[in-house]
Amino acid sequence: QVKLVESGGGLVPAGGSLRLSCKFSGSAFRTYTVGWFRQAPGSEREFVACIKGSGSSTYYANSVKGRFTMSKDNAKATAYLQMNSLKPEDTAVYYCAADSRLITSSLGIASQYDYWGQGTQVTVAS
């Protein structure tokens, strides 16, 4: 059974940085694509970034490109989202998700991920 646990959220001023972690429990972590999604109050869950199993390929939403960096440490079974130059509009609950069977065209679609964490709150003060 796969379990995901996020950590690292918090309150930061605009322009600040945070690093989110997503700890994976289960087997064969290196075969899983890990994604980060976020959901602000009253909004739908939106794709932020993802990284494929080997860690060789990453994909980002246009809104975070150049500011966020995703990485994956297969030895530690953990994925990370480094968030720099944070803006108030980045405020949301951030969720990590994982799946081992995604195709490239599905990487940004939340419904295609089988496993989800409980979420961590990120608040960026203006």
Exercise. Could you go through the side-chain contact (heavy atoms from CB on, under 4.5 Å) check for Trp36 and Glu6 one step at a time?
Key: CA-CA 10 Å; Trp36 285 98; Glu6 303 97 332; 3.8 Å; yes
Return all side-chain donor-acceptor pairs below 3.5 angstrom for residues 76-83, not counting sequence neighbours, or 'none' if the list is empty.
from, atom 1, to, atom 2, distance (Å)
Thr78, OG1, Lys76, O, 2.9
Gln82, NE2, Asn84, OD1, 2.9

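Minimum interatomic distance between Ala92 and Arg38 (heavy atoms only, all atoms of both residues): CB-CB, 3.8 Å. Among all heavy-atom pairs drawn from Tyr32 and Ser27, the shortest one is CE1-O, 3.6 Å. Taking every heavy atom of both residues into account, Asp114 and Asp99 meet most closely at N-OD2, 3.0 Å.
The ring-ring contact (aromatic ring centres under 6.0 Å, His included) test applied to Tyr113 returns Phe37, not counting sequence neighbours. Applying the salt bridge (charged side-chain N to carboxylate O under 4.0 Å, His left out) test to Glu89 and every residue at least two apart in sequence or in another chain returns nothing.
In the hydrophobic cluster analysis, where Ile, Leu, Val, Met, Phe, Trp and Tyr join through side-chain heavy atoms closer than 4.5 angstrom, Phe68 is grouped apart from Phe47.
For residues 26-93, no residue pair satisfies the disulfide bond (SG atoms under 2.5 Å apart) rule, not counting sequence neighbours. For residues 64-112, every residue pair satisfying the disulfide bond (SG atoms under 2.5 Å apart) rule, not counting sequence neighbours, is listed here: Cys22-Cys96. Among residues at least two apart or in separate chains, there is no salt bridge (charged side-chain N to carboxylate O under 4.0 Å, His left out) pair with a member in residues 13-34.
Remark: side-chain polar atoms of Lys72 are not paired, donor with acceptor, to backbone N or O of Val34 under 3.5 angstrom.
A distance of 9.0 Å separates OG1 in Thr33 from CD1 in Ile51, rounded to the nearest 0.5 Å.
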